[in-house]
Amino acid sequence: MLNISATSDWITLIGVVVTFFGVLVSGFFSFLLYRATKESTAAAQASAEAAKLTVELANNSEKDRKIKELAMRQQLKVTLRKQALQALENLSQMNGKKVIKFEDPETIKLRIEPSYLALYFSDNERKIINEAWANLDEYFFNYWRPNLVAETYELKSSLEDPKFLEIHDDLQKLFSKLINDSFLNSVGN
């Protein structure tokens, strides 16, 4: 017959062995979880460092872009000012003369790409610039005609024409204002 005390001892022994193996398995899985957590922490730190470097690189790229943009705007302002001075000089040459000579009739044209004006100048600045050259083109078209044989331009109307004189004076004022305008003479913006 079965000894109840012996059966109880066996059950206790089996319980202790199962508990022992349970603790071992639990310890093993805890160790694996600890290692995974440690590796995950290291990966998160590396990822944070990479993100920090990416942000720093983006900031440096943005600074470089702004520096290049400012340099391009400054160069365009110099070019625009030279062209405005040339246009004003041409207007002065036209004043009081029936015949003028240009080495290059294109000197009165705005020679800055519209896309550059759009990128590097404000709406108001573009309006001033485009208005000045559009008025000059219209004035030249309406009041001067080419003499291809003599390579000159001749006045289509009389020098005493009040409309001619008014438009001519307005253009000289417009280009003088443009040349002296703060956005062409300022540095850094």
Is any side-chain heavy atom of Leu110 closer than 4.5 Å to a side-chain heavy atom of Leu80? yes
Using the rule side chain to side chain contact (heavy atoms under 4.5 Å, CB included), only one of Asn130, Ile167, Leu171 pairs with Asn135; which is it? Leu171
Could you tell me whether Phe121 and Tyr116 have their ring centroids closer than 6.0 angstrom? no
Salt bridge between Arg73 and Glu125, side-chain N to carboxylate O under 4.0 Å? yes
Around Tyr143, counting heavy atoms of other residues, nucleotides and ligands shown, do more than 12 lie under 6.0 Å from its OH? yes
Atom pair CG (Leu57) and NZ (Lys52), whose distance is rounded to the nearest 0.5 Å: 15.0 Å
I'd like to know if the side chain of Glu69 reaches the main chain of Tyr120, judged simply by a donor and an acceptor atom lying under 3.5 Å from each other, with no hydrogens or angles considered. no
Can you tell me how far apart CG (Leu70) and NZ (Lys77) are? Round to the nearest 0.5 Å. 8.0 Å
Does Gln172 offer a backbone N or O that forms a donor-acceptor pair with the side chain of Ser176 under 3.5 Å? yes
Hydrophobic clustering (ILVMFWY, side-chain heavy atoms < 4.5 Å, transitive) - are Leu85 and Ile128 grouped together? yes
Begin from the C-alpha positions of Thr37 and Tyr34 and carry the test side-chain contact (heavy atoms from CB on, under 4.5 Å) through to its verdict. CA-CA 5 Å; Thr37 303; Tyr34 164 76; 5.7 Å; no
Would you kindly confirm whether Val78 and Met72 end up in one hydrophobic cluster when ILVMFWY residues are joined by side chain heavy atoms under 4.5 Å apart? no
Atom pair CG (Leu165) and CG (Asp170), whose distance is rounded to the nearest 0.5 Å: 11.0 Å
Stepwise side-chain contact (heavy atoms from CB on, under 4.5 Å) check, Leu32 with Phe28: CA-CA 6 Å; Leu32 291 178; Phe28 177 71; 3.3 Å; yes
Going only through I, L, V, M, F, W and Y residues with side-chain contacts under 4.5 Å, is there a path from Ile129 to Leu119? yes
Any side-chain heavy atom of Glu113 sitting closer than 4.5 Å to one from Leu117? no
Ring centers of Trp133, Phe175 separated by less than 6.0 Å: yes
When rounded to the nearest 0.5 Å, the distance separating CD of Glu131 from CG of Leu174 is 5.5 Å
What distance do Lys66 atom NZ and Ser61 atom OG have between them, rounded to the nearest 0.5 Å? 12.5 Å
Is there a path from Leu13 to Phe20 through hydrophobic residues (I, L, V, M, F, W, Y) whose side chains come within less than 4.5 Å of each other? yes
Evaluation steps, salt bridge (charged side-chain N to carboxylate O under 4.0 Å, His left out), between Arg65 and Glu62: CA-CA 5 Å; Arg65 186 192 63 75; Glu62 180 65 16; 2.6 Å; yes
Over all atoms of both residues, closest heavy-atom pair of Ala87 and Leu136: CB-CD2, 3.7 Å
About how many Å separate NZ of Lys38 and CZ of Arg35, when rounded to the nearest 0.5 Å? 9.5 Å
Mind checking whether Trp10 and Val17 sit in one hydrophobic cluster, side chains of I, L, V, M, F, W, Y counted as touching below 4.5 Å? yes
